[in-house]
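Presented below is the structure to which this report refers.
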There are 4 protein chains.
Amino acid sequence: MYNASNRSRSVLALARKPPTRKGPQLSPRKAPTQARARATVDAILRATARILTRRGYDGLSTNAIAQLAGVSVGSLYQYFPSKEALIRALVEQHVAELEAILTPDPSLLGQPLEVLARMLVKAMLEAHALDPALHRELLAAAEKVGVPQKQFIRSRGDVLVRALLEFYAPQLRPLDVELATFIIVGAMEGMELRITSEKPEWLTDERVVDELTTMLLRYVGHISVTGTGRRASS
Amino acid sequence: MYNASNRSRSVLALARKPPTRKGPQLSPRKAPTQARARATVDAILRATARILTRRGYDGLSTNAIAQLAGVSVGSLYQYFPSKEALIRALVEQHVAELEAILTPDPSLLGQPLEVLARMLVKAMLEAHALDPALHRELLAAAEKVGVPQKQFIRSRGDVLVRALLEFYAPQLRPLDVELATFIIVGAMEGMELRITSEKPEWLTDERVVDELTTMLLRYVGHISVTGTGRRASS
Amino acid sequence: MYNASNRSRSVLALARKPPTRKGPQLSPRKAPTQARARATVDAILRATARILTRRGYDGLSTNAIAQLAGVSVGSLYQYFPSKEALIRALVEQHVAELEAILTPDPSLLGQPLEVLARMLVKAMLEAHALDPALHRELLAAAEKVGVPQKQFIRSRGDVLVRALLEFYAPQLRPLDVELATFIIVGAMEGMELRITSEKPEWLTDERVVDELTTMLLRYVGHISVTGTGRRASS
Amino acid sequence: MYNASNRSRSVLALARKPPTRKGPQLSPRKAPTQARARATVDAILRATARILTRRGYDGLSTNAIAQLAGVSVGSLYQYFPSKEALIRALVEQHVAELEAILTPDPSLLGQPLEVLARMLVKAMLEAHALDPALHRELLAAAEKVGVPQKQFIRSRGDVLVRALLEFYAPQLRPLDVELATFIIVGAMEGMELRITSEKPEWLTDERVVDELTTMLLRYVGHISVTGTGRRASS
DNA sequence: AATGAATGAGATTTCATTCAT
DNA sequence: AATGAATGAAATCTCATTCAT
């Protein structure tokens with residue numbers, strides 16, 4: 001289904017994003033080779049995530065990070081040339097996790113749209129259920145730090161949704177694919193954001209999955225087909 | 001229709017939010033009674049909004065605000081006990097403006113849902129078209145300053161949408177009103193946010209209004225009814 | 001003779017240097033209008049000079065300056081946008097003092113070269129006798145901070161010396177004025193620097209004045225003329 | 001003439017400076033006995049010189065040095081107990097090179113003063129032409145690190161010039177040898193410094209050599225003698 | 001009421017030096 | 001002998017807030 005194991009095979013033949021050009025000042029300063037170094041970097045990233053979720057971006061100071069990570073500021077700057085780079089690294093790591101979840105299995109493409117849509121919705125919610133607070137903060141922090149939000153998740157979502165709309169076009173009402181994609185991804189993201197900040201427990205609620213799936217299918221004009229992945233869509 | 005002139009009459013009998021008297025430290029220090037004082041407060045709020053949109057929350061310093069407003073920092077602190085209070089005041093003002101736009105005319109309630117839905121969508125987009133950048137920044141700033149996002153706009157939207165869902169229930173598919181309200185408002189907000197930051201020109205694009213209206217109506221099961229406010233919904 | 005009182009009348013009709021283009025980031029942040037502010041600025045500049053002479057450029061930290069000046073770092077940055085700007089300001093003040101000393105009286109131009117040369121040498125030494133240590137440190141600091149050394153004193157010296165060489169040309173051996181000016185000013189400066197750092201007491205020693213004057217006059221081929229300002233030049 | 005080959009024979013019987021065994025903390029930590037160690041030390045010194053000229057004293061960090069030298073910081077500290085010691089070592093090496101250039105051949109002492117003076121001037125300029133930038137930076141760095149400038153080069157120049165003044169005294173005007181030596185060396189150094197920083201191309205210009213030689217000879221009263229080393233002195 | 005000079009804690013970042021491996 | 005990860009004091013600069021005038 002949706003998992004990290006098939007990161008390399010893309011069902012829909014979506015082009016992998018290029019190796020992410022890195023400005024010299026913004027990428028991690030050195031790759032930690034020794035075990036100790038690896039542990040340090042991990043501790044720093046973990047501490048950053050923790051503070052971000054606990055105290056928000058404003059409470060995130062390099063000193064605080066170092067302290068919580070149990071290392072010195074110097075060590076932090078040994079691996080990350082700046083606070084910005086540190087956040088970028090965290091974003092990248094987070095995005096990688098999300099992508100692992102959101103990359104569908106190739107075998108799914110033959111499935112009826114209802115099934116696929118439900119899976120997609122569920123995967124999205126699950127992806128955010130990992131660490132909703134972190135996601136929210138990273139979203140805010142990323143922007144300040146110059147990571148365009150598009151890269152964040154949407155790019156993935158956009159490509160995925162567009163591909164689905166095109167593949168299943170015969171079964172759908174006539175759509176302006178561009179606009180529909182924009183709207184679907186926008187609406188989904190908005191939902192996730194709202195659920196995340198107001199009702200995190202819904203991230204794993206099947207009722208919500210159903211309802212969002214229904215919204216999607218109805219929007220694209222897929223009502224007449226009988227049965228969704230779980231129950232009737234009306 | 002939807003405009004600032006009927007700020008005082010609430011079509012759908014939505015409860016006015018209480019006069020918002022909060023903690024002693026967070027509300028404006030003194031009610032500006034004289035005209036000059038009122039002007040000063042306005043200047044400060046305007047300056048704050050301006051800097052917020054131009055340079056973001058990080059570029060927003062009390063000294064900069066005072067300077068742009070043409071007053072001294074001392075004066076600023078005479079009217080606002082803290083930066084936080086200042087932002088709260090700005091948020092309140094902004095919310096008031098949005099509400100003015102989003103409060104529908106009583107006579108509309110009899111109209112067919114298609115018409116009302118379209119108006120609602122249009123009003124939402126228009127509301128954000130006022131100053132999308134400010135809206136986005138305020139959204140972020142508000143959170144930092146402790147204004148829960150709910151209060152922001154959603155509470156308004158929630159009440160409104162719930163009322164509509166209940167009023168038009170007979171024409172709709174069976175819905176969990178709570179959940180549907182949450183989803184509709186969340187999706188709409190997500191859309192607005194995305195449009196605002198990625199395609200601001202769409203805030204006034206009729207195609208987008210149509211598409212969102214369609215999404216709404218289809219979601220609530222209002223498909224079979226012929227014609228939306230403007231054109232066929234498929 | 002040489003003093004601050006005739007700063008505005010330039011004997012040799014030397015063009016005043018233009019108002020010194022100031023980059024926005026490098027000039028003092030605000031002109032202190034209130035008396036208290038003036039005092040603060042003065043204290044800061046004095047403290048800077050003091051630390052510079054006592055502990056050198058490396059011992060010069062903005063915190064140390066503020067502390068010695070008896071103000072807070074914040075105040076320092078209120079008037080000087082950066083450490084660099086602070087040093088620039090100090091340099092300017094110092095240069096102004098030096099120029100006041102080095103600007104000759106118009107009536108001197110008729111005098112025999114021996115007299116003028118001696119006065120020039122004496123003035124140069126006196127100028128540096130003001131605060132030799134500060135001069136030396138400013139010279140080093142200025143470079144790091146981007147003040148071209150030329151501006152420092154040399155520009156003045158160059159123009160002055162060239163003018164003299166041209167005016168008295170008939171009495172001198174044939175000279176490449178350009179080269180000779182460069183050499184004379186360079187040699188004088190080198191002397192000053194060496195005296196300053198190794199034998200500051202010589203800055204006011206008449207024997208040294210005599211010897212340097214002799215060197216100058218002999219170099220330009222003015223030996224045969226009888227009598228210098230004080231005694232025979234050989 | 002003046003070259004590195006006769007480093008061991010001192011024409012004018014100038015006392016060699018003692019082997020320089022200073023405070024225990026400031027001299028190289030261990031005498032590198034093995035070839036590899038020698039190579040390491042060389043690499044470190046070369047890297048230091050390089051960074052010094054490329055990025056100045058402020059850009060000189062021990063970590064940067066180690067990296068450029070291709071060794072670890074640890075190794076650097078194995079051979080030099082501190083950054084200060086490292087700079088001292090570099091200064092010493094540089095001074096040794098300069099001395100090699102500035103130590104005249106014994107056979108020259110019989111030559112007419114004009115010839116010798118010209119050679120001296122030329123050798124001085126050539127010495128600095130080796131690496132003017134390095135020289136300038138070392139001059140500044142040395143002071144910070146406590147190497148008194150006297151030791152730097154001047155001591156050499158002083159001894160040399162004093163010896164010449166005494167040897168040729170009969171042909172010169174009556175001089176206070178002490179003072180004259182001080183002045184000559186000071187002026188020469190000042191010139192070098194100025195040329196180095198403002199007109200490095202003049203370091204090898206014969207016109208400049210002539211002019212400085214002329215200045216020297218005229219100053220010491222050697223005018224009447226016909227002909228300098230190259231052309232007439234006026 | 002208003003002014004704006006002054007405050008100072010705190011943020012980011014650097015770099016000489018140490019020491020476990 | 002060599003490595004390079006780790007240290008942490010210290011430097012520059014910002015900005016919300018206070019208070020004497």
Side-chain angles (χ1 to χ4, degrees), chain A residues 30 32-41 58-67 70-86, chain B residues 30 32 34 36-37 40 58-67 71-86, chain C residues 30 32-41 58-67 70-86, chain D residues 30 32 34 36-37 40 58-67 71-86:
Chain A
K30 60 168 71 169
T33 54
Q34 302 185 2
R36 185 158 60 129
R38 182 73 241 159
T40 299
V41 167
D58 285 354
L60 187 73
S61 83
T62 50
N63 280 310
I65 294 169
Q67 186 169 43
V71 302
S72 64
V73 232
S75 290
L76 189 158
Y77 279 90
Q78 189 129 68
Y79 298 106
F80 304 96
S82 69
K83 192 184 177 185
E84 189 175 328
L86 174 53
Chain B
K30 56 174 67 175
Q34 303 175 2
R36 181 153 67 115
T40 300
D58 285 353
L60 186 73
S61 83
T62 50
N63 283 294
I65 294 168
Q67 186 172 48
V71 303
S72 65
V73 230
S75 293
L76 187 157
Y77 276 85
Q78 200 119 59
Y79 294 109
F80 303 94
S82 69
K83 193 184 177 185
E84 193 177 322
L86 174 53
Chain C
K30 61 168 72 169
T33 53
Q34 301 185 1
R36 185 158 60 129
R38 181 75 239 157
T40 298
V41 168
D58 285 353
L60 187 74
S61 83
T62 49
N63 279 311
I65 293 168
Q67 185 170 43
V71 301
S72 65
V73 232
S75 290
L76 189 157
Y77 280 89
Q78 188 128 68
Y79 297 107
F80 304 95
S82 69
K83 193 185 177 185
E84 190 176 327
L86 174 52
Chain D
K30 56 175 65 174
Q34 303 176 1
R36 182 153 67 116
T40 301
D58 285 353
L60 186 73
S61 82
T62 50
N63 283 294
I65 293 169
Q67 185 172 49
V71 302
S72 64
V73 231
S75 294
L76 187 157
Y77 275 86
Q78 199 120 58
Y79 294 110
F80 303 95
S82 69
K83 193 184 178 186
E84 193 176 323
L86 174 52

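Here is how names work: the chains are called A, B, and so on, in the same order as the sequence lines, proteins then strands, and each is numbered from 1.
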Are any protein N/O atoms closer than 3.5 Å to N/O atoms in nucleotides 7-11 of chain E? If there are, list each pair with its distance.
from  : atom 1 : to    : atom 2 : distance (Å)
E:dT7 : OP2    : C:S72 : N      : 2.8
E:dT7 : OP2    : C:S72 : OG     : 3.1
E:dT7 : OP2    : C:S75 : OG     : 3.1

For B:T62 and B:L76, work out which heavy atoms get closest and say how close.
-> O-CD1, 3.7 Å
By side-chain contact (heavy atoms from CB on, under 4.5 Å) - contacts of A:S75 (at least two apart) = A:T40, A:V71, A:S72
One should read off an interatomic distance between C:K83 NZ and C:Y77 OH, to the nearest 0.5 angstrom, of 8.0 Å
For A:R38 and F:dG4, give me the distance from atom CZ to atom P, rounded to whole Å.
-> 18 Å
What stems, by residue range, does DNA chain F take part in, given at least 3 consecutive Watson-Crick or G-U pairs under 3.5 Å?
-> E:2-21 with F:2-21
Candidate nucleotides F:dT14, F:dT17, E:dA5, ranked by approach to the side chain of C:Y77 - the nearest = F:dT14
Where is the tightest heavy-atom contact between C:G59 and C:A64, given as atom of each residue plus distance?
-> O-CB, 4.5 Å
Side-chain heavy atoms of A:Y79 within contact of A:L86, under 4.5 Å | no
What distance separates D:N63 CG from D:L60 CG, expressed to the nearest 0.5 Å?
-> 11.0 Å
D:I65 CD1 to F:dT3 C1': how many Å, rounded?
-> 17 Å
Is the phosphate of E:dA6, meaning OP1 or OP2, less than 4.0 Å from a side-chain N or O of C:Y79?
-> yes
C:R36 side-chain proximity, nearest of E:dA2, F:dT17, E:dA6 | E:dA6
Once you round it to whole Å, what is the distance between C1' of E:dT17 and CG of D:L86?
-> 13 Å
